[in-house]
Amino acid sequence: MTEQTELRRRGLALIDKLHGGHAGEAMMAEVADVCPAFAEITVDVAMGTIMSRPGLDLATRELILVAACVMLGHAMPQLRAHAEAALKMGATRQQVTETILQLVLYASGPSVRNSLVELKDILAEPH
């Protein structure tokens, strides 16, 4: 098995663990006709290499990505995906909320507010 193939396998397996279903294949298909290299790089490098590294658990890595999406201020689909994955990996709703709130002085009040509103349904306590 080549290194590229191993990275792809590991990346797709991690995407499935974090996001469920066929998220990796769907993401690759979404940009295949525009720029398949973007999907390949995302799966191989971001997931197969960086997210798979030892040293941080997946919940912590996902909370970092939640923070990055809040800082960007325009990555709402990615914010939602990473918040859901953080919860799936064991982060609490309070940890997700506190991660976002921590950025009020760094990202901006509007970015924090918009992020909290975007995640309102998944951060609400289950009834």
Side-chain angles (χ1 to χ4, degrees):
M1 186 177 274
T2 67
E3 180 66 17
Q4 179 78 0
T5 305
E6 176 59 22
L7 289 175
R8 180 79 34 87
R9 184 201 61 72
R10 192 168 53 226
L12 289 172
L14 186 53
I15 289 172
D16 285 343
K17 180 177 182 176
L18 293 170
H19 303 292
H22 301 287
E25 291 87 348
M27 189 270 301
M28 291 181 77
E30 211 171 41
V31 295
D33 57 339
V34 179
C35 184
F38 175 78
E40 293 167 1
I41 291 166
T42 300
V43 172
D44 296 350
V45 178
M47 303 305 286
T49 302
I50 298 169
M51 287 290 286
S52 299
R53 290 180 52 79
L56 293 174
D57 61 80
L58 288 172
T60 301
R61 288 183 186 279
E62 288 296 338
L63 289 173
I64 291 167
L65 292 172
V66 164
C69 291
V70 173
M71 290 296 295
L72 288 170
H74 58 78
M76 292 300 133
Q78 293 83 2
L79 170 66
R80 176 172 283 280
H82 290 299
E84 289 172 344
L87 293 170
K88 186 175 181 180
M89 293 299 109
T92 66
R93 286 170 174 76
Q94 182 180 10
Q95 288 173 318
V96 175
T97 302
E98 289 297 325
T99 296
I100 296 168
L101 186 60
Q102 179 71 26
L103 299 170
V104 74
L105 296 176
Y106 296 90
S108 78
S111 290
V112 167
R113 181 244 178 238
N114 293 344
S115 297
L116 291 169
V117 169
E118 176 68 25
L119 300 178
K120 185 177 180 178
D121 61 322
I122 67 169
L123 293 176
E125 288 298 321
H127 296 47

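If you're wondering where the values come from, they're calculated on a predicted model, not measured in any experiment.
With rounding to the nearest 0.5 Å, the separation of CG in Leu65 from CG in Leu58 is 10.5 Å. For the atom pair CD (Glu30) and SG (Cys35), the distance works out to 13.0 Å, reported to the nearest 0.5 Å. In this structure, CG on Leu116 lies 7.0 Å from CG on Leu101, to the nearest 0.5 angstrom. Atom CE of Met76 is separated from atom SG of Cys69 by 8.0 Å, given to the nearest 0.5 angstrom. In this structure, CG in Leu63 is found 8.5 Å from CG in Asp57, a value given to the nearest 0.5 Å.
Checking side-chain atoms of Thr49 against main-chain N and O of Asp44 turns up a donor-acceptor pair under 3.5 Å. A distance-only check finds a donor-acceptor pair linking the side chain of Lys88 to the backbone of Lys17 [under 3.5 Å]. Remark: the backbone N or O of Ala124 is paired with a side-chain donor or acceptor of Arg93 at under 3.5 angstrom.
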- Show the numbers, then the answer: is there a side chain to side chain contact (heavy atoms under 4.5 Å, CB included) between Arg8 and Leu12? CA-CA 6 Å; Arg8 180 79 34 87; Leu12 289 172; 3.9 Å; yes

- Evaluation steps, side chain to side chain contact (heavy atoms under 4.5 Å, CB included), between Leu72 and Gln78: CA-CA 11 Å; Leu72 288 170; Gln78 293 83 2; over 6 Å; no

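Listed by first then second residue, pairs satisfying ring-ring contact (aromatic ring centres under 6.0 Å, His included) with a partner in residues 82-113 read His19-His82, not counting sequence neighbours.
Evaluation of the side-chain hydrogen bond (donor to acceptor under 3.5 Å, both in side chains) rule for Arg80 yields Glu118, Asp121 as partners, not counting sequence neighbours.
Screening Leu14, Asp16, Ile15 against Leu18 for a side-chain contact (heavy atoms from CB on, under 4.5 Å) leaves a single residue, Leu14.
Closest approach of Val112 and Ile100 over heavy atoms only: CG2-O, 3.5 Å.
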